[in-house]
Amino acid sequence: MELIAQLKKDAVAVVNKLYNQQVDATIIKIDKTPPEFTGELTLVIFPFVKISKKNPEVTANEIGEALMAVNSTIAGFNVVKGFLNISFTDVYWSGVLQHIHNTKNYGILAATGKKVVLEYCGPNTNKPLHLGHVRNVLLGYAAANILAAAGHEVHKVNILNDRGIAICKSMVAYERNGNGSTPASTGIKGDHFVGNYYIEFAKIHEAEMAALIAAGKTKEEAEKNTPIYLAAQEMLRKWEAGDAAVLDLWNTMNSWVYEGFGVTYQKIGIDFEKEYKESEFYLHGKKMVQEGLTQGAFFKKEDGSIWVDLTSDGLDQKVLLRADGTSMYITQDMGVAEARYGDFKMDTSVYVVANEQDYHFKVLKLVLQKLGRPYGDGIYHLSYGMVDLPEGKMKSREGTVVDADDLMSEMTEEAKSFLAASEKSTAFNETEKQVLAEQIGLSALKYFILKVDPKKRILFNPKESIDLQGHTGPFIQYSYARIQSIFRKLAENGLNEFRLNGTDLLPAEKSLIVNIYQYPGVIQSAADNYSPAEVANYIYNLAKQFNSFYAEHSITKAESADKQHLRAIIAGQTAYILKHGLMLLGIQSPERM
RNA sequence: GGCCUCGUAGCUCAGUGGAUAGAGCAUCUGCCUUCUAAGCAGAGGGUCGCAGGUUCGAAUCUUGCCGAGGUCACCA
């Protein structure tokens with residue numbers, strides 16, 4: 001990065017001197033030189049032709065000559081149309097490599113002192129996690145890692161939507177048809193067990209609706225008046241009233257769900273520093289609404305409901321508390337945000353939530369700002385596109401929901417059969433094969449999702465399994481594993497330490513160093529943009545570039561000892577970045593595969 | 001209808017003011033007595049949704065239109 005900054009400075013000085021001007025750095029445009037041209041950095045000349053009053057080629061040559069005179073790290077330049085392609089010396093790039101080689105934790109940026117709380121996952125406690133949650137948690141976990149690598153102090157938290165009508169539906173169905181069975185007695189994972197009763201509820205509800213419609217009710221009337229729906233509403237009222245038996249069942253069923261979630265979290269490889277339960281904070285949210293009313297930030301309508309007027313912010317009026325005093329969805333988020341600030345005093349609150357809630361988070365931020373909360377300005381909604389199936393949205397009623405646990409198992413099986421079909425299958429014992437298949441299968445799944453820009457929707461076709469070759473996680477893992485194999489071979493010959501001696505670089509060696517040099521900048525940009533996809537695409541390109549190098553140039557049988565050391569260092573740094581980058585994405589790097 | 005997001009190769013995606021728009025999958029052709037072929041090298045495949053505007057220069061910024069999705073609930 002300092003390379004570009006220096007070149008920019010030099011360019012400003014040179015242009016001002018050559019053409020007797022006072023230009024500022026904003027008109028300097030420097031890009032990475034595309035691979036089909038010689039050079040590492042390119043200065044775009046077009047902005048200067050008005051000043052120089054000469055054609056682009058002449059201007060470029062003048063500036064190129066002048067730059068060489070002031071900057072001794074520039075080895076040469078070439079001019080193509082309006083572009084000045086600049087090459088730096090092999091000595092310079094060798095020095096860069098040496099510096100990186102000496103840097104502990106290369107890619108980790110200096111501490112910023114900024115505290116970030118990142119909320120992700122946010123499951124409802126009435127059913128297991130599905131593909132949508134998978135994107136959420138992969139994105140959240142990776143974003144948290146990247147923000148931490150960029151120097152922030154990051155705290156990962158979960159929000160459990162543990163109350164409300166949904167869990168009551170599962171509870172009612174369980175009371176009717178559960179017959180005292182438990183996850184333990186049935187051998188069913190807790191979250192799936194409770195989810196089954198949610199499905200059970202839907203079935204009963206549908207049957208009862210049909211009966212009501214047959215008895216002459218409209219669909220809308222029937223929807224709200226089936227005996228089981230009324231029972232769920234009654235259950236919710238009792239819950240809010242603190243009915244002991246209802247609370248007991250609620251606690252029991254939620255504990256089953258949490259146990260199941262824990263297994264899924266572990267399998268997918270995510271964690272939380274703290275979990276907030278909606279049930280514990282929604283009451284505080286109500287107090288905040290009352291406070292806002294007293295302050296005059298909110299207003300009360302005749303029926304007693306409390307509203308916020310956001311029309312001056314380009315939004316509408318929004319109800320915060322119903323006339324009967326019961327809370328809204330937004331109330332819990334207010335309460336949780338307050339509690340969280342008490343816990344962490346964070347500068348930024350990142351909420352990883354799908355883009356269907358864009359409006360909600362605009363409102364939340366404005367409401368907290370109107371309440372004068374110090375954490376209001378720091379609210380950031382990391383909004384991501386939904387995961388769609390070829391038929392459109394996932395619908396539990398149509399059984400098209402892709403279950404998170406099933407999906408992970410399927411990918412593991414996929415990797416397992418790929419391995420079984422390979423001749424290197426014999427190199428691993430059964431336990432190793434199982435571990436490897438999980439690492440590779442999960443890698444394929446995670447990379448498939450993370451390589452896509454978060455804000456774009458993802459199309460997932462369950463019929464076409466996720467690839468294990470090409471632009472995939474396993475490709476990057478494989479590139480890493482092959483480099484490790486090189487180091488095992490070198491170690492067999494007693495070579496464990498490497499140092500740079502000669503400084504001559506082949507173009508392929510130089511361009512790998514240039515690419516390695518980009519890594520901290522990639523982390524910075526990925527953190528600024530909350531985009532793990534930037535890291536994912538960068539490490540893919542690095543792996544691809546290295547694989548190409550690998551096919552052309554041997555390391556164990558390099559032309560000279562100096563070349564062997566140089567390439568070992570390049571390979572070592574490449575492997576380090578691949579592993580580190582994968583780690584940021586929540587993907588493991590097997591040493592052999 | 002208002003607002004928001006997206007539209008790039010047959011498919012899945014990169015590319016947010018610079019050069020002849022790039023990868024992967026799929027199709028086709030080569031490469032394993034040489035560090036792991038989950039790899040490498042190459043071929044074909046494009047009106048960057050459409051039309052205007054700004055600019056020396058537009059996939060990128062802007063306006064309009066078309067298409068897809070989301071949202072505008074006293075649901076969460």
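Throughout, a chain's letter reflects where its sequence line sits, starting with A, and its residues are numbered from 1.
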Handout entry: Any donor-acceptor N/O pair under 3.5 Å between B:U5 base and A:Lys455 side chain
Key = no

Exercise for the section: For RNA chain B, list all stems, counting runs of three or more consecutive pairs where every pair is Watson-Crick or G-U wobble with both distances under 3.5 Å. Expected result: B:1-7 with B:66-72, B:10-13 with B:22-25, B:27-31 with B:39-43, B:49-53 with B:61-65

Problem - B:G44 and B:C25, which share atom name C1', separated by this distance in whole Å - result: 15 Å

Handout entry: Selection from B:G24, B:A76, B:U34 that lies nearest to any side-chain heavy atom of A:Lys557
Key = B:U34

Exercise for the section: Please determine, for the side chain of A:Met328, which listed nucleotide (B:A19, B:C40, B:A76) has the closest atom? Expected result: B:A76

Handout entry: Per A:Glu356 side chain, nearest of listed nucleotides B:U36, B:A76, B:U71
Key = B:U71

Problem - Aromatic-base stack, A:Tyr550 on B:G39, cutoff 5.5 Å, angle under 30 - result: no

Practice task
State whether a side-chain donor-acceptor pair under 3.5 Å links A:Ser443 with A:Gln477.
Solution key: yes

Practice task
Answer yes or no for this row: A:Tyr478 ring on B:G39 base, centroids under 5.5 Å, planes under 30°.
Solution key: no

Fill in the blank from the handout: Which of B:G7, B:A76, B:U71 is nearest the side chain of A:Lys456? It is B:G7

Practice task
From the options B:G24, B:C74, B:A38, select the nucleotide whose nearest atom is closest to the side chain of A:Asp303.
Solution key: B:C74

Exercise for the section: Mind listing the closest non-hydrogen atom pair of A:Arg135 and A:Met386 along with its distance? Expected result: NH1-O, 4.1 Å

Handout entry: Side chain of A:Ala323 (C-beta onward), nearest among B:C72, B:G24, B:C74
Key = B:C74

Practice task
Determine the interatomic distance between P on B:C40 and the same-named atom on B:U55; round to the nearest Å.
Solution key: 45 Å

Practice task
State whether A:Arg567 and A:Glu559 are salt-bridged, where the test is any N-O pair (Lys NZ or Arg NE/NH1/NH2 against Asp/Glu carboxylate O) under 4.0 Å.
Solution key: yes

Handout entry: A:Ser279 and A:Asp162 side chains, donor-acceptor separation under 3.5 Å
Key = yes

Practice task
Send over the distance from A:Asn355 CG to B:G70 C1', rounded to a whole Å.
Solution key: 6 Å

Problem - Modelled atom types, side-chain donor and acceptor of A:Thr125 and A:Asn254, under 3.5 Å - result: yes

Exercise for the section: Kindly point out which of B:C35, B:U20, B:G18 is positioned nearest to the side chain of A:Phe83? Expected result: B:G18

Completion exercise
Looking only at B:A14, B:A38, B:C40, the nucleotide nearest the A:Asn547 side chain is B:C40

Handout entry: Nucleotide of B:C35, B:A19, B:A38 approaching A:Lys489 most closely (side-chain heavy atoms)
Key = B:C35

Practice task
State which of B:C72, B:C74, B:C40 makes the closest approach to the side chain of A:Lys544.
Solution key: B:C40

Practice task
Using the C1' atom as the reference point in each nucleotide, state the distance between B:G15 and B:G22 in Å, no decimals.
Solution key: 7 Å

Exercise for the section: Report yes or no: is the cationic atom of A:Lys318 (NZ for Lys, CZ for Arg) closer than 6.0 Å to the six-membered ring centre of A:Trp307, at no more than 45° off its axis? Expected result: no

Practice task
Look at all strands and tell whether A:Asn85 reaches a base, only sugar-phosphate, or nothing, counting heavy atoms closer than 4.0 Å.
Solution key: base

